[in-house]
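Worksheet: one structure, shown below.
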Amino acid sequence: MDIENGSQMIAALHVSDLSISRGERRLFAGLSFAVKAGEAAQLTGANGAGKTSLLRAVAGLLRPDAGEVRFDGAGGPLDAGTARSGGVQMLAHQEGFRPGRTARAELTFQARWFGASAEAVTAAAKRLDLVPLLDLEVRVLSAGQRRRLALASLVAANRPLWLLDEPLAPLDARRRAQAAEIMAEHLNGGGLILAAVHDPLPVAARDIVVGAAA
Amino acid sequence: MSALLLLYRREVSLLWAGGGGPLLACGFALAVTAALPLAIGSEPVRLVPVAAGTTWIVLALASLLSLERLFERDHEDGALDLLALGPPTLEAVFAVKTAAQWTAVGLPLSLAAPVAALSLGLDPALAPLTAGAAALAGLAFAAVGALAAALSLGSKRGGLLVAVIALPLYAPPVIFGAGTVTAAQEGTSPGPALALLAAYALFACALTPFAGGAAIRNAQG
Amino acid sequence: MPEVARSYVEYVAAAWGISAVVLVVVAGRALVAARQVRARLKELEDGE
Amino acid sequence: MFGLANPERFMRFSAPLVGPLWIAAGLLLAAGSWLSLTAPPDYQQGDSVRIMFVHVPAASMGLMAYAALGVSCLFSLVWRHPLADAAARAAAVPGAALTGLALITGAIWGKPMWGVWWTWGDARLVSVLVLFLFYLAWLALRAAIEDESKAARAAAVLGLVGLINLPIVKFSVDWWNTLHQPASLLRADGPSMTAAYLTPLLTMMAAYAVLFAAVWITGVRTEVMGRRLRTLRARRAMEA
């Protein structure tokens, strides 16, 4: 983890007594769990149980009704703002790429926005076999190709905490194996993964049930 | 290269290339200017007194053009969430977007402004002053307009809502901007008006990022 | 003694008339809304 | 002020106030109207001076209402005060109505005084017009966003920005007025403030203020009861 690009070392994520509601409806309450470096956790629960909202609350994009999200760095507790702006990257249903621009421009922007170096971006693109697609507009890419682009951005930026919302959904079997490899490598390097899933993650992961069991 | 510079280059290339690029803004400005003589007649005695005023109305309306998409597209693509998670704060992201809006729409319009004013009979010697005042006013329009765009995130009638929110707040820059040129036309010094215009533009640039950041967080969470 | 200006009574009537209408509408709207929500609330609480 | 943060205490605190406020508003309006209509006509303007007794209170109350709206937005944004959005909404509609009323009565008053229905020459009228635009912008934003809590917070930001910009806009309009001094129009500054006019005017201003307070507090109470109704219904639906 080179600090030079502003990335922030995160050793642990603590969620304590979290409760989130959408409008008047309470999604879940009193949820607590922790994820340590090298660990993965997967959120299971029915559709609309609040898995995505939980990810967004951890990312600081959504304000919970009650409860707390805390991050620990190597040397003890971290300020949530710095931890998030330096150490968290999210992969949501929409990958955040502008359809009208080329894959190269959007991948480069997004990865470097999260602290990747130019070399890391080209290496990640090569690894995900994206080079032939780079000069195409994002609009013409398939959902699977766009998801690989987002995975390349994750690999290039290499931020410690990955928040993944059904990461493997649009990928075919071959690409899922590659994603598993990437996730395992991330965990061995001391990274953390918190993912909302319907089918289990391809790496060892603890189950966290959100809301009513599926 | 710092993250903000990366974002600035992306935003400018987005605004400059497709959609509401400078060509569209200047085209709109000149089209509306051309409508005036068609509406009220070609005699200079009618046009010259309103040349400065019309130019500022045209500047204000033209600067509204690409505002609606300034945040809406990123919001729809899911990019706004990622921008919030990056190293810079949302306030900084907002300021960069305002700067991009000024660069891609405000500055080109400040070149179109003297052309529009001259076509309506403004004294050519006032062209540089008009361009300068238009650039300053453009900065105010960009900052307030960007805030209006951020506030109307999540509403269905985005474009119209941006105008209804922004235009009352455009009153001071329109008054001071047009006032600068009118003062010069009447031979008095444009200094005070220009100073007030600059003050409002800087005030808007200082205030709107905080309001804009809050508006974006509100639309996200 | 300048000639007393026309009394413009019709302007006064118009101004006061419109003011009265607007004030009554604003006040009425507030009172009616209050009464309605109180009634519905009582109806629900009694039904409990 | 923080004590009123929770709705229950506000409801208990405001309950005894509502009745007397409405009664006081009615009495003051009656007294003010009688005083205004029986005051001697102005030697220069004749009876049209009586329009001032409805114009000035509406304009000043429209401005006060926006201040109430702005402060409510501040409480809603900074302290996430649960009642603040209700207070803002309850102030916005009457505020906009009063400001609109100030514009209409201003125009009617302008006809005898300046011979035109609407004059851009009077800086005060123009600032009231811009204030009216601020209200429209607030109401439009509040209505345009479906999600209730998001609409409230976005409108709170705009309300606060508006409050900060109001004095600036007022200054820029006054400055603009000096720049474009309409030499041709008769520059009447309105009737001299003899005692005969001061009492009715002050009574009417008090009447408008008390009326606004009554409408505002009633509005907030309605909002609180409305929210209680919604949660009751939501719970009822869940049990069903």
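Atoms considered below: every heavy atom in the structure, side chains included; atoms not considered: hydrogens, waters and symmetry mates. To find a chain, count down the sequence lines: A is the first, B the second, and so on, and within it residues start at 1.
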* Asked: Within 45° of the six-membered ring axis of A:Phe109 and under 6.0 Å from that ring's centre, is NZ or CZ of B:Arg10 located there?
  ->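 The answer is yes; both the distance and angle limits are met.
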
* Top contributor to chain A contacts, counting heavy-atom pairs under 4.5 Å, from B:Leu80, B:Asp74, B:Thr89 ->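 Counting heavy-atom pairs under 4.5 Å, the top option is B:Asp74.
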
* Asked: Which region of A:Ala92, side chain (C-beta onward) or backbone (N, CA, C, O), has a non-hydrogen atom less than 4.5 Å from a non-hydrogen atom of chain B, or is it both or neither?
  ->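 Neither part; nothing is under 4.5 Å.
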
* Partner chain B: residue of A:Arg63, A:Glu95, A:Arg101 with the largest heavy-atom pair count (under 4.5 Å) ->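 Most pairs with chain B among the choices: A:Arg101.
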
* Quick one: of A:Glu106, A:Arg98, A:Arg56, who has the most non-hydrogen atom pairs under 4.5 Å with chain B? ->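 Option with the greatest count: A:Arg98.
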
* **Heavy-atom side-chain contact between A:Arg147 and A:Glu166 under 4.5 Å** =>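 No - every pair of side-chain heavy atoms lies 4.5 Å or more apart.
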
* Report the residue from A:Asp165, A:Leu163, A:Leu164 that forms a side chain to side chain contact (heavy atoms under 4.5 Å, CB included) with A:Leu91. =>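 That would be A:Leu164.
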
* Asked: What class does the angle between the rings of B:Phe141 and B:Tyr170 fall in, given that below 30° is parallel, 30 to 60° is tilted and above 60° is perpendicular?
  ->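 B:Phe141 and B:Tyr170: tilted rings.
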
